[in-house]
Amino acid sequence: MTTWRRQTAKFVGGIVVAILVFTLLYDYGMTAFDNRPRTLLESLQVVVETFTTTGYGSDAGWNSRVMTLFVIVMDLTGVVLIFLALPALAFPLLEEELSTTVPTSTDLTDHVVVCGFSERAETLIEELESRGVDTVIAEPDRNAALDRYEDGYTVVHASPDTVDGLLAANIIEARAIVADISDEVDTSIVLTAKELAADVRVVTVAEKLDHTRYHELAGADEVLSPRTLLGESFARKVTTAVSTDLDEPVELGENFDIVELSVRRGSQLVGSSLAESRLREETGVNVIGLWFDGEFQSPPDPAATITSGTILLVSGRDDQIEMLRERTRTDVRRHESGKTLVVGYGGVGRAVCRMLTEAGHDHTTVDKRDIDGVDIVGDGTEAETLRRAGIEEARTVVLAIADDTVAEFATLVCRDLAPDVEIIVRAQQRESVKKLYRAGADYALSLASISGRMTAGTVLDEEVLSMTTQVDVVRTEAPGLVGQTLAEASVRDETGCTVVAVRRDGDEEPQTEVGPDYRVSHGDQLIIAGTDEDVNRFNERFGNS
């Protein structure tokens with residue numbers, strides 16, 4: 001019996017007892033004090049009329065003060081009981097009747113079960129749905145499940161760490177399950193999932209790097225550590241010669257890559273439009289797209305102004321990319337090694353420091369905690385702390401702070417203290433990225449974005465350019481393009497994808513000199529780059545479908 005039903009039973013029982021007591025007292029009073037004897041049935045009628053406020057009939061007007069006072073007490077009692085009944089009984093009943101019913105099971109198949117909803121889970125779901133993969137959220141809290149359901153998500157009200165909960169999410173016919181709640185709950189989900197469906201792919205997200213082993217022992221097929229990946233990404237953005245060694249391009253063939261390059265503060269490209277920069281004419285690279293303040297633009301607008309922090313996504317030969325790399329670097333202190341200041345020594349900060357140490361790059365760490373690995377103990381938002389850490393002589397500042405509001409403030413402080421320093425910032429939430437750019441960051445990336453992207457790529461086992469972007473590199477055939485040139489088909493304008501290379505039937509290496517006049521032949525395998533939506537649009541327009 002539910003709590004509401006128990007309360008209802010107790011309340012109704014109390015009312016019945018009150019009516020019987022008042023009936024007996026009224027019957028006695030009418031005989032003893034008013035000299036108008038009544039039967040028990042007549043006395044019951046008067047009490048019911050009083051409690052329900054429907055009137056008193058012929059009994060109205062009593063001869064004795066005792067009965068008058070008694071009726072007043074009975075009136076007040078009836079009113080109090082009515083007011084108590086509304087919030088205790090009527091309102092919960094109406095709320096239950098009018099509220100949306102949250103599903104407790106699903107009949108989806110070949111879907112991904114997402115355990116735990118957060119902004120990074122939201123990113124994951126967006127990534128999967130952009131590829132046409134169904135998802136279902138297993139949420140144990142009814143109110144949270146209702147919120148997700150009303151937001152348009154497919155959700156089941158069930159505990160994902162129980163047998164009944166995973167069966168409700170139809171894990172038996174699922175493609176994969178993603179557990180991202182906490183290390184303890186995630187391992188419980190893995191154990192339960194493997195008991196029910198040993199072959200289902202289970203992907204977990206480890207909050208702490210040293211807990212990865214326990215996820216694996218529980219039976220997880222893949223254990224992800226997004227904080228580590230985010231830290232490694234930040235280390236690759238550091239503006240020194242070491243960044244050349246840390247870049248991780250996508251190799252499409254011998255001596256031909258796709259790579260991201262950040263335009264540094266003080267670069268000769270800053271302030272010019274893409275057309276004015278003449279990158280293709282002077283370096284030979286193919287500009288696939290640009291990142292402006294966290295927003296990806298492809299195909300890029302030739303009139304778009306390049307600013308510090310703009311990220312170029314380009315393809316080309318190694319020598320062409322190196323030529324462009326030189327143009328993206330700052331002309332100020334180019335040959336100085338510089339120093340990197342890492343503010344925040346949590347999971348992301350540690351990953352940054354580890355990679356910089358392995359590369360032999362000088363860096364100083366700042367954290368409020370006096371722990372091993374921290375050079376300067378203090379508040380990273382305080383100017384004095386940053387001065388002691390040497391911000392005025394630093395070349396790059398990495399803000400690996402978990403709180404977005406604090407990170408925004410720290411960005412403002414750093415920019416005020418060192419106008420020319422490059423600032424790289426970790427954001428917790430996606431919505432904070434634009435604010436960080438407005439505060440003065442040169443590069444910002446949210447943990448939610450990288451987590452969702454990383455998980456989606458792992459679940460689907462797809463080839464992606466980088467877990468830190470939303471760009472896929474896909475090898476595909478395009479029957480709809482056979483006989484046409486890329487310009488005639490308006491591939492970039494129609495889909496947003498860029499054809500970066502073509503492998504012809506029988507060729508060992510792909511052909512990388514692919515211009516607008518390239519005519520597609522039967523059997524050509526195109527290598528395209530674009531966002532998830534762009535790739536889907538390309539396949540729908542020119543693919544096998």
Side-chain angles (χ1 to χ4, degrees), residues 114 116-130 135 137 139 141 143-153 155 178 180-181 205 207 224 226-227 229-231 233-234 237 260 262 289-298 304 307-311 313 343-344 346-349 352 380-381 397-415 422-457 464 466-471 531-534:
V114 179
F117 188 84
S118 61
E119 187 161 8
R120 58 194 186 196
E122 184 178 7
T123 303
L124 165 64
I125 292 171
E126 290 175 1
E127 293 283 347
L128 294 175
E129 290 184 347
S130 71
T135 60
I137 303 169
E139 175 57 62
D141 183 83
N143 291 331
L146 179 60
D147 290 340
R148 303 289 83 78
Y149 184 70
E150 291 180 341
D151 288 340
Y153 293 99
V155 61
V178 176
D180 185 11
I181 300 177
V205 178
E207 284 293 318
L224 308 178
R227 285 182 173 81
L229 183 61
L230 184 60
S233 174
F234 281 172
K237 299 298 179 186
E260 288 178 321
S262 298
L290 302 176
W291 290 87
F292 293 105
D293 295 348
E295 296 292 333
F296 186 66
Q297 184 183 104
S298 179
T307 62
S308 63
T310 297
I311 300 174
L313 178 61
V343 181
V348 175
V352 172
T381 64
V397 176
V398 178
L399 297 177
I401 301 172
D403 187 294
D404 287 355
T405 302
V406 177
E408 292 161 10
F409 188 81
T411 302
L412 293 169
V413 176
C414 291
R415 181 57 67 216
E422 183 180 49
I423 302 175
I424 300 173
V425 193
R426 164 257 179 97
Q428 187 71 18
Q429 308 296 332
R430 289 183 298 174
E431 63 183 18
S432 300
V433 171
K434 288 188 177 181
K435 289 194 290 183
L436 287 166
Y437 277 114
R438 287 197 295 271
D442 293 288
Y443 181 80
L445 184 64
S446 76
L447 185 62
S449 295
I450 195 172
S451 298
R453 180 67 178 163
M454 185 181 187
T455 308
V464 295
S466 168
M467 294 300 183
T468 62
T469 71
Q470 295 177 339
V471 179
T531 64
D532 302 327
E533 293 79 6
D534 293 342

TODO: Drop me the distance from Thr307's OG1 to Tyr437's OH, to the nearest 0.5 angstrom.
DONE: 9.0 Å
Task: Any side-chain heavy-atom pair of Val114 and Ile125 under 4.5 Å - done: yes
Task: Expected output: side-chain Asp404 to main-chain Ala427 donor-acceptor under 3.5 Å - done: no
Open item on the list: Just so I know, are the side chains of Asp180 and Glu207 near enough to count as touching, which here means a heavy-atom distance under 4.5 Å?
Closed with: yes
Task: Side-chain touch Phe409/Thr405, heavy atoms, less than 4.5 angstrom - done: no
- [ ] Please report the closest heavy-atom contact between Gly440 and Ile423, naming both atoms and the distance.
- [x] O-CD1, 4.1 Å
Open item on the list: Going by the rule side-chain contact (heavy atoms from CB on, under 4.5 Å), which residues pair with Asp151 if we only count those two or more places apart in sequence or in a different chain?
Closed with: Arg148, Tyr153
TODO: Taking all heavy atoms of Gly380 and all of Ala410, pick out the closest pair and write down the distance.
DONE: O-CB, 4.1 Å
TODO: Taking side-chain contact (heavy atoms from CB on, under 4.5 Å) as the test, write out the residues that go with Asp147, two or more places apart.
DONE: none
- [ ] Flag the pair Glu422 / Val397 as yes when at least one side-chain heavy-atom distance between them is below 4.5 Å, and no otherwise.
- [x] no
TODO: State, to 0.1 Å, how close Ala441 and Val425 come at their nearest heavy-atom pair, and which atoms those are.
DONE: CB-CG2, 3.6 Å
Task: Atom pair CZ/CG of Arg426 and Asp403 - distance to nearest 0.5 Å - done: 9.5 Å
Task: Close side-chain approach of Val343 and Val398, heavy atoms under 4.5 Å - done: no
Task: Lys/Arg-Asp/Glu bridge criterion (N-O < 4.0 Å) met for Glu408, Lys434 - done: no
- [ ] List the atom of Ile181, the atom of Gly116, and the distance in Å for their closest heavy-atom pair.
- [x] CG1-CA, 3.6 Å
- [ ] Using a 4.5 Å cut-off on heavy atoms from C-beta on, say whether the side chain of Leu290 contacts that of Leu313.
- [x] no
- [ ] Measure the CZ-CD distance between Phe117 and Glu122 for me, rounded to the nearest 0.5 Å.
- [x] 4.5 Å
TODO: Calculate, to the nearest 0.5 Å, the distance between atoms CD1 and OG1 belonging to Ile424 and Thr411 respectively.
DONE: 11.5 Å
